[in-house]
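A short worksheet on the structure shown next.
Note that ligands are numbered from 1 as they come in the structure, with each ligand's atoms numbered from 1 the same way. All values reported here derive from a predicted model rather than from experimental measurement.
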Amino acid sequence: MSEGDGELEPLAPGLYLVATPIGNLGDITLRALEVLRGVELIACEDTRQTQKLLNHFAIDVRTVSYHQHNERGRAEELVERLAAGARIAVVSDAGTPAISDPGGWLVKAALEAGVNVWPVPGANAALSALIASGLNTERFSFEGFLPEKAGERRTRLEDLARLAAEADKALGGAAGTIIFYEAPHRIEDTLADVEAVWGDAVRVVLARELTKLHEEFLRGTVAEVRANLKTRDRVRGEIVLLVEPAQRSDGAAVAESVAKRVAAMVKEGLDEKDALKRLARETGQSKSELYRELQRERARR
Ligand code: SAM
């Protein structure tokens, strides 16, 4: 049953994308509970994980696994049932389905089959981090996870920096905040890349363990946040990283490529080796890292 403006109505047939808590069980919504109780089947990223939530709220509904490895095959089965009038909920391990989580494929397949798709909004790590970050909330973009490989990650950040610089020009200095999901064992490398691309003064916020006991926000320049993390034995927990790109503190263009910066120094009279040395001093990156990046940029041309 679902309650609109006081009237109880039966749950309409269709696909329900139900957000679940990202750490604090109190963040489940009344409507999420109603829908989870009212459907015939709950498609879960991990049935064991969701079962804990269902047990906590005494919900006894059949579950079926639906994750990135069986998403397409399972979608077909589920859409067949939906087309026959079933009510099915999709949940991920935590947060909003289809946001860096399974769900998107099923939504497309359901819509193509003429099935109604209903959002049941609730917790989401990206937006929770953004609204408390103190960064630009008027305009933002969500990037999800960066590539795992170091070279690809750097290239993605450089591409984003170029896009942000163009947006800044077009919009009069308001490229907005970029939101990433990041794993604790990669966060320090990613922050080093953020600093290399945007400079040490770019504002970042690291939001850790949102809605949980050890929730923490580190706000500051990327250099300050990196210095803070260096004082810890290990960075743990789930992390959202927010970056608000802006002009570099030294006034250099945003995310100028290594090749461009080296070329400018060569024009000033330095040879390439000395230019890389100076750039290493200015950015805090190692000379060999910059040299590798220079080679990558040249290979991309
Ligand atoms: N669909 C989810 C949502 O709506 O937020 C995101 C799923 S994604 C697979 C998981 C990532 O989200 C984590 O690696 C972390 O980057 C971020 N995340 C999830 N819960 C979080 C939390 N409580 N605090 C900080 N970040 C969190």
State plainly whether the residues [X] and [Y] are in salt-bridge range, i.e. N to O under 4.0 Å.
X: D159; Y: R156; result: no
X: R37; Y: E34; result: no
X: E238; Y: K212; result: yes
X: R278; Y: E268; result: yes

What part of E215 sits under 4.0 Å from ligand 1 if we count only heavy atoms: the side chain, the backbone, both or neither?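 It is neither; nothing of E215 touches ligand 1.
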
Part of A94 with heavy atoms under 4.0 Å of ligand 1, whether side chain, backbone, both or neither: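 Only the backbone of A94 comes within reach of ligand 1.
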
Numbering as shown, the atoms of ligand 1 that approach [X] to under 4.0 Å (heavy-atom distance):
X: K212; value: 23 (N)
X: G95; value: 3 (C), 4 (O)
X: E182; value: 16 (O)

Do W198 and V204 touch side chain to side chain, with heavy atoms closer than 4.5 Å?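 In short, these two side chains do not touch, never coming nearer than 4.5 Å.
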
Is there a side-chain contact between L106 and Y66 in this structure, where contact means two heavy atoms from C-beta onward sitting under 4.5 Å apart?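 With C-beta onward as the side chain, the pair touches.
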
Pick from F145, F142, Y181: the one approaching atom 14 (O) of ligand 1 most closely through a non-hydrogen atom: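 Nearest heavy atom to atom 14 (O) of ligand 1 lies in F145.
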
Can you tell which of I99, V240, N124 gets a heavy atom nearest to atom 4 (O) of ligand 1?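 Nearest heavy atom to atom 4 (O) of ligand 1 lies in N124.
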
Below 3.5 Å, N or O to N or O, backbone or side chain included: is there any such pair between A207 and ligand 1?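 Between A207 and ligand 1 (N or O atoms, distance only) the closest approach is not under 3.5 Å.
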
Give me the nearest non-hydrogen protein atom to [atom] as residue plus atom name, then the distance to 0.1 Å.
atom: atom 24 (N) of ligand 1; result: L210 N, 2.8 Å
atom: atom 20 (N) of ligand 1; result: E238 OE1, 3.3 Å
atom: atom 9 (C) of ligand 1; result: S100 O, 3.1 Å
atom: atom 7 (C) of ligand 1; result: D101 OD2, 3.2 Å
atom: atom 18 (N) of ligand 1; result: A125 CB, 3.4 Å
atom: atom 15 (C) of ligand 1; result: I239 O, 3.4 Å

Just verifying a value: how many Å separate L146 CG and D189 CG, rounded to the nearest 0.5 Å?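 So the CG of L146 and the CG of D189 are separated by 11.5 Å.
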
Which value, rounded to the nearest 0.5 Å, describes the distance between I42 atom CD1 and L36 atom CG?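 Separation between the atoms: 4.5 Å.
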
Without hydrogens or angle criteria, can the side chains of Q51 and N55 be said to hold a donor-acceptor pair below 3.5 Å?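 A donor-acceptor contact under 3.5 Å links the two side chains.
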
